[in-house]
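Input: a single structure, listed below in structure tokens.
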Amino acid sequence: MVVQSDVIDDAGPYDRAKALSAFKLGDVTFYWITRLSAISVLLILGGIIVSLIVGAFPAMKEYGFSFLWTQRWAPSADPPVLGALGPMYGTLVTSFIAMLIAIPVGLGIAIFLTELCPQWLRRPIGMAIELLAGIPSIIYGMWGFFVLGPFLANTFQPFMIRIFDGVPVLGAIFAGPPSYLSTFNAALILAIMVLPFITSISVDVFKTVPPVLKEAAYGVGCTTWEVVRSVVIPYTRVGIIGGVMLALGRALGETMAVTFIIGNSFRISSSIFAPGTTISAAIASEFAESDGLHQSGLILLGLLLFVLTFFVLAAARLMLMRLDKKAGK
Amino acid sequence: MALNPIYSRRRRKDIVIRGLCFAAAAFGVTWLALILITLLFNGLAGLNLEIFVADTPPPGSTEGGLRNAIVGSIIMTLIGVGIGAPLGLFAGTYLAEYGRNDRLTSVIRFINDILLSAPSIIIGLFIYGAVVVPMRGFSAIAGSLALAVIVIPVVLRTTEDMLLLVPNPLREAASALGLPRSLVIKRIAYRAARSGLITGVLLATARVAGETAPLLFTALSNQFFSLGLNKTMANLPVTINNFVQSPYAYWKQLAWSGALLITLTVLALNIGARIVGAERTAK
């Protein structure tokens, strides 16, 4: 059959080559656009590291390693004395207390959602917990300052102080005048903020447990708790630890909420009801008005925080990746 | 017959732990409710038309709104998403389409996951060193770039996940018809994953709409209505941060109203993203 068409006559072999080369050009361009965009992620990481090191260099040269164990923070002294011990201690203590609260509660919610909750309640509760993660951190800060702070200072702290008064160690931890601005207040807010991360990752990894394993355990007469403790948790241990580390990474770097309620005091106090500071809070509250060595010191604090969170988050990812492999993804 | 004592002990333990899990869930939901109630209670009182048409007042004044801050926030969020979303989208495309078995891909995925949870104040420090210092001043464009850096990992992650969900036979069928690779991606993969890609952009917008820390020393903030990108620009989060710690009652009231606006916007974006995402699974 002979096709009689002006269009095909017009098109001819010549245009076919042109169309193909246009396709090829488009292909190559698109490939390189996507590849360069992907590489920009590495450039951002490199940029962060380089700009932090460049910014922190004057302080590194001035203080050396003594920066790490000096407690005094006197940027207006002459010459300024800067030490990271206070903020580092605050960062670690607030995150530690936050995890102490958030891990059992987060796992409890995950167990509730996967094992106990009636089907129709699952979505609303799961959504409510995930919306907690969506609330901007400055809102948590305001809420901690105006609502939680007064409650803790007027009700909870006097109660704890009365109970533990005179008890060694614990007495010192809970001692001191109650205050709106305290390490404990910040830690409690942090706990609420990281709760959704622990819960949602735990729910995800709990779902990877093969139903057969659980059914077998129920079949030999285990109670729900026994199934969770002896089957679900051992099977998903790596994933749970990964989720916890991810939450820890978040807690270490959380800024605005903590800045509002921790009180920004560089003195290390044995009491968790006393004001303190964290690395991120110190940067947020002082950076805009700083210059020279003071600013460099703050950037050095930022570098320490970045290194710390980088390793925690990297460990978290490696653990979660191990679980993904196990699940055959 | 009485129950076996061991069995009844196990049952008691189970009931106690079930109760604790239930209490934990109630605990989590209670916080959300408490925060929303506080916000509504404090924020609704000051919410009126003036908020949207008047600029932030000078100290001590009892009239004024948040117009400049709202406009500034919208501008910076849009520019940030406008820069960050295409970059994240293309990068995610590379990871899912071109570099599936690439070594580069696994490195980028790993680094991206870390950037996803990196402290936002560090991003602020980065942009301060990379943009504010060379430009010799705080500027709206620096703030937008800081937000863009936060947007990229979020969009990259969802784009990659969503493109990987697109079944391969679709791509193979398109290739068999002679479609070049870039058109297979643009016409087939993007269309199949469209609702997922939109979800990613919405989630990223929600994430940066309330960000405060990276704006503190990049865009700073000011008291005036300004549209210039090379100057400081008023924005809602930093304005709230400054007003809420002030001694003036009216500023505090404005801060609460602003906080309510931001939270409602962010939650609406989050819920919207979930609805768009759910359409996909329902199909």
Side-chain angles (χ1 to χ4, degrees), chain A residues 23-24 26-27 30-31 33-35 37-38 40-42 44-45 47-48 51-52 54-55 105 108-109 111-113 116 125 127-129 131-132 134-139 142-143 147 192 195 223-226 246 249-250 253 255-256 280 283-284 287-288 299 302 305-306 309-310 313-314 317, chain B residues 10-11 13-14 17-18 20-22 24-25 27-29 31-32 35 38-39 87 90-91 93-95 98-99 108 110-115 117-122 125-126 129-130 149 152 156 180-182 185 206 210-213 216-217 220 237 240-241 244 259 262-263 266-267 270 274:
Chain A
F23 273 172
K24 192 157 186 192
D27 243 12
F30 192 68
Y31 174 78
I33 289 176
T34 58
R35 193 178 163 96
S37 306
S40 75
V41 172
L42 300 182
I44 289 173
L45 180 76
I48 291 175
S51 79
L52 287 180
V54 168
V105 176
I109 299 176
I111 295 170
F112 177 78
L113 283 177
L116 306 173
I125 292 186
M127 192 134 167
I129 302 293
L131 285 185
L132 268 181
I135 296 178
S137 76
I138 188 168
I139 309 295
M142 286 171 74
W143 194 79
V147 181
I192 303 166
L195 199 59
T223 58
T224 308
W225 166 239
E226 285 161 352
L246 199 67
R250 288 276 175 162
T255 308
M256 291 320 293
S280 48
I283 300 173
F287 194 84
I299 297 178
L305 175 66
F306 186 65
T309 48
F310 188 91
L313 293 171
R317 286 298 164 189
Chain B
R10 285 170 54 202
R11 275 221 358 204
K13 196 169 178 184
D14 187 54
I17 300 226
R18 276 172 188 235
L20 287 177
C21 288
F22 183 79
F27 179 82
V29 175
W31 288 115
L32 182 69
I35 292 174
T38 317
L39 271 176
L87 268 172
F90 287 134
T93 308
Y94 179 81
L95 263 53
Y98 288 114
I108 290 176
F110 188 71
I111 299 295
N112 188 68
D113 280 345
I114 288 176
L115 287 181
S117 331
S120 57
I121 189 134
I122 300 290
L125 285 178
F126 163 52
V149 171
I152 293 173
L156 192 159
R181 191 71 194 270
S182 59
I185 295 168
E211 275 292 353
T212 318
L216 280 176
F217 34 83
L220 212 62
I240 293 173
N241 181 45
V244 83
I262 282 199
T263 310
V266 169
L267 292 187
N270 266 313
R274 257 156 249 274

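Within every chain, numbering begins at 1; the chains are lettered A, B, ... in the order of the sequence lines, protein sequences first and strands thereafter.
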Task: salt bridge (charged side-chain N to carboxylate O under 4.0 Å, His left out) partners for B:Arg11, two or more places apart - done: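 Checked B:Arg11 against salt bridge (charged side-chain N to carboxylate O under 4.0 Å, His left out); zero matches.
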Please classify the contact between [X] and chain B as side chain, backbone, both or neither, with a heavy-atom cut-off of under 4.5 Å.
| X | answer |
| --- | --- |
| A:Leu132 | both |
| A:Thr223 | both |
| A:Leu246 | side chain |
| A:Leu131 | both |
| A:Val147 | side chain |
| A:Ile283 | both |
| A:Ser51 | side chain |
| A:Ser280 | both |

Which atoms of [X] are under 4.5 Å from chain A, going by heavy atoms: the side chain, the backbone, both sets, or neither?
| X | value |
| --- | --- |
| B:Ile114 | both |
| B:Tyr94 | both |
| B:Leu95 | side chain |
| B:Leu115 | side chain |
| B:Ile35 | both |
| B:Ala206 | neither |
| B:Asn270 | side chain |

- [ ] Would you name the heavy atoms of B:Ile108 and A:Ala38 that are closest together and state the gap between them?
- [x]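 Heavy-atom minimum between the residues: CD1-O, 3.4 Å.
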TODO: Determine the minimum heavy-atom distance between A:Ile139 and B:Ala259, stating which atoms define it.
DONE: CD1-CB, 3.5 Å
Mind ranking [options] by heavy-atom pairs under 4.5 Å with chain B and telling me who comes out on top?
| options | value |
| --- | --- |
| A:Val54, A:Leu116, A:Ile111 | A:Leu116 |
| A:Arg317, A:Met127, A:Lys24, A:Glu226 | A:Arg317 |
| A:Ile44, A:Ile48, A:Ile129 | A:Ile48 |

TODO: For B:Arg18, check side-chain hydrogen bond (donor to acceptor under 3.5 Å, both in side chains) against everything at least two apart and list the hits.
DONE: A:Thr224, B:Asp14
TODO: Mark yes when over 12 heavy atoms from residues, nucleotides or ligands other than A:Tyr31 sit less than 6.0 Å from its OH; otherwise mark no.
DONE: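 Counting neighbours around OH of A:Tyr31, more than 12 heavy atoms of other residues, nucleotides or ligands fall under 6.0 Å, so yes.
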Task: Partner chain A: residue of B:Thr93, B:Leu216, B:Val29, B:Val244 with the largest heavy-atom pair count (under 4.5 Å) - done: B:Val244
- [ ] Please round to the nearest 0.5 Å and tell me the distance separating atom OH of B:Tyr98 and atom CZ of B:Arg181.
- [x]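 Between B:Tyr98 OH and B:Arg181 CZ, I get 6.0 Å after rounding to 0.5 Å.
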